[in-house]
Amino acid sequence: ESVVEIYLPSLACRFAAHGGVFRSCSVHLLSENLTWQTSFKLVLPHLFLFVLLTFLFSRMWCGWVCPLGAIQDAMTWLRLRFSAPAWPVPEALGRFLFKLRHFLLWATLAISALIALPVLGRAGINDSLFLWYCQLCPSRLLYPALGGVMPCYWDGSNGITIFMSLVGLGAFGVFLFCFLVPRLWCRICAIGALLSYFNRGSLPYLRKDARKCTSCGTCRRVCPVGVERVYRDMDHKVVTDGECVLCLRCVEPVSYTHLR
């Protein structure tokens with residue numbers, strides 16, 4: 001059980017060993033309550049807190065708070081220690097992953113609403129597809145293991161659970177490639193897709209003085225999620241992109257006086 005009944009915008013996971021400090025993540029909040037058809041009066045305080053926290057910090061939750069993001073950064077650090085080169089993400093694959101993450105988000109919400117229908121309940125489908133995104137999220141397997149608890153990596157109850165077990169193992173396999181591709185899961189994560197809708201217009205933002213930009217391309221090269229806008233946009237002062245996790249690596253060098 002969680003210590004505090006609060007859903008964070010970041011990946012606070014309900015599958016953490018021995019319970020976590022917080023209830024769970026924002027996608028869990030939406031999907032669980034869509035399925036249970038929770039009274040709007042009960043959900044409203046959680047939604048208000050989510051919007052407030054997202055407005056205050058936007059995707060800094062991804063860049064600075066998310067434990068799964070920290071694990072990916074640790075894998076990148078380990079790769080650098082071994083002097084292994086990073087694998088570049090082709091532009092076509094980057095576009096596909098962008099579409100995939102938003103598909104996962106909206107598919108999760110749609111499935112969560114549909115399995116609340118009585119006809120699916122009688123067929124037993126709702127139990128198999130409950131918290132659909134959680135079943136494929138790497139944290140479901142990773143967080144319990146980090147706490148010394150064996151995760152449930154396989155459910156052979158029926159065809160749906162077998163399929164979801166395979167998808168979950170496949171997603172975990174993709175996550176392991178974060179050793180070679182920095183922040184790869186951040187390009188797929190449905191939680192990040194949800195937060196990206198708030199990234200522009202929230203309190204933190206990146207501002208660029210195009211007159212001082214030399215187009216050296218360093219900001220593009222150091223970006224762990226492959227954001228191009230900071231480099232390419234010369235027409236706007238605010239260059240925060242929806243995909244940006246606001247890790248601020250593009251503004252770390254002292255010479256970047258045109259970015260802040």
Side-chain angles (χ1 to χ4, degrees), residues 1-2 5-16 20 22-55 58-59 61-62 66 68 96-141 143 152 155 157-172 174 185-199 201-202 242-243:
E1 293 294 329
S2 58
E5 284 294 308
I6 290 178
Y7 298 85
L8 288 184
S10 182
L11 217 170
C13 184
R14 67 169 287 172
F15 295 99
F22 300 99
R23 170 75 174 171
S24 197
C25 69
S26 50
V27 170
H28 181 281
L29 162 67
L30 297 176
S31 57
E32 179 181 56
N33 288 289
L34 279 172
T35 300
W36 291 118
Q37 298 181 333
T38 309
S39 169
F40 185 70
K41 291 190 298 183
L42 298 178
V43 180
L44 184 59
H46 295 290
L47 292 177
F48 175 78
L49 182 61
F50 164 71
V51 172
L52 176 63
L53 292 175
T54 306
F55 171 75
S58 59
R59 291 203 67 188
W61 287 103
C62 302
C66 177
L68 214 56
F96 169 76
L97 295 178
F98 171 81
K99 294 177 181 178
L100 176 62
R101 67 191 298 182
H102 291 277
F103 167 78
L104 289 175
L105 171 63
W106 291 105
T108 296
L109 299 183
I111 290 173
S112 299
L114 288 173
I115 61 175
L117 299 177
V119 62
L120 297 181
R122 287 196 296 271
I125 297 176
N126 57 356
D127 290 336
S128 302
L129 291 177
F130 182 58
L131 297 177
W132 180 75
Y133 181 74
C134 294
Q135 295 188 50
L136 59 89
C137 181
S139 62
R140 184 182 67 83
L141 300 179
Y143 285 16
C152 178
D155 186 349
S157 302
N158 55 56
I160 296 176
T161 58
I162 291 174
F163 173 76
M164 291 307 302
S165 296
L166 290 172
V167 172
L169 290 172
F172 188 75
V174 171
W185 188 258
C186 291
R187 303 171 189 242
I188 305 171
C189 180
I191 303 170
L194 177 61
L195 297 184
S196 70
Y197 298 132
F198 299 85
N199 222 27
S202 59
E243 303 309 298

In Å and rounded to the nearest 0.5 Å, what is the [atom1] to [atom2] distance from [X] to [Y]?
X: F130; Y: W36; atom1: CZ; atom2: CH2; answer: 5.5 Å
X: C189; Y: L68; atom1: SG; atom2: CG; answer: 7.5 Å
X: S26; Y: L105; atom1: OG; atom2: CG; answer: 8.5 Å
X: S128; Y: F163; atom1: OG; atom2: CZ; answer: 12.5 Å
X: L129; Y: S31; atom1: CG; atom2: OG; answer: 12.0 Å
X: L53; Y: F48; atom1: CG; atom2: CZ; answer: 9.5 Å

Non-hydrogen atoms of [X] and [Y] that approach each other most closely:
X: H28; Y: C134; value: CD2-SG, 4.0 Å
X: S10; Y: C66; value: OG-CA, 3.0 Å
X: C25; Y: I191; value: SG-CD1, 3.6 Å
X: G168; Y: L141; value: O-CD1, 4.3 Å
X: F22; Y: I6; value: CB-O, 3.4 Å
X: R101; Y: C186; value: NH2-O, 3.3 Å

Using modelled atom types and a 3.5 Å cut-off, is there a donor and acceptor pairing between side-chain atoms of [X] and backbone atoms of [Y]?
X: Y133; Y: V27; result: no
X: T38; Y: V43; result: no
X: W61; Y: L195; result: no
X: D155; Y: T161; result: no
X: R140; Y: C152; result: yes

### Message
For the CZ atom on F55, are there more than 12 heavy atoms of other groups (residues, nucleotides or ligands in this structure) within a distance under 6.0 Å?
### Response
yes
Quick one: does [X]'s side chain get under 4.5 Å of [Y]'s, heavy atoms only?
X: H102; Y: S196; result: yes
X: L47; Y: L30; result: yes
X: T54; Y: Y197; result: no
X: L117; Y: L114; result: yes
X: T35; Y: N126; result: no

### Query
Would H46 and R23 satisfy side chain to side chain contact (heavy atoms under 4.5 Å, CB included), going step by step from the backbone distance to the final call?
CA-CA 11 Å; H46 295 290; R23 170 75 174 171; over 6 Å; no
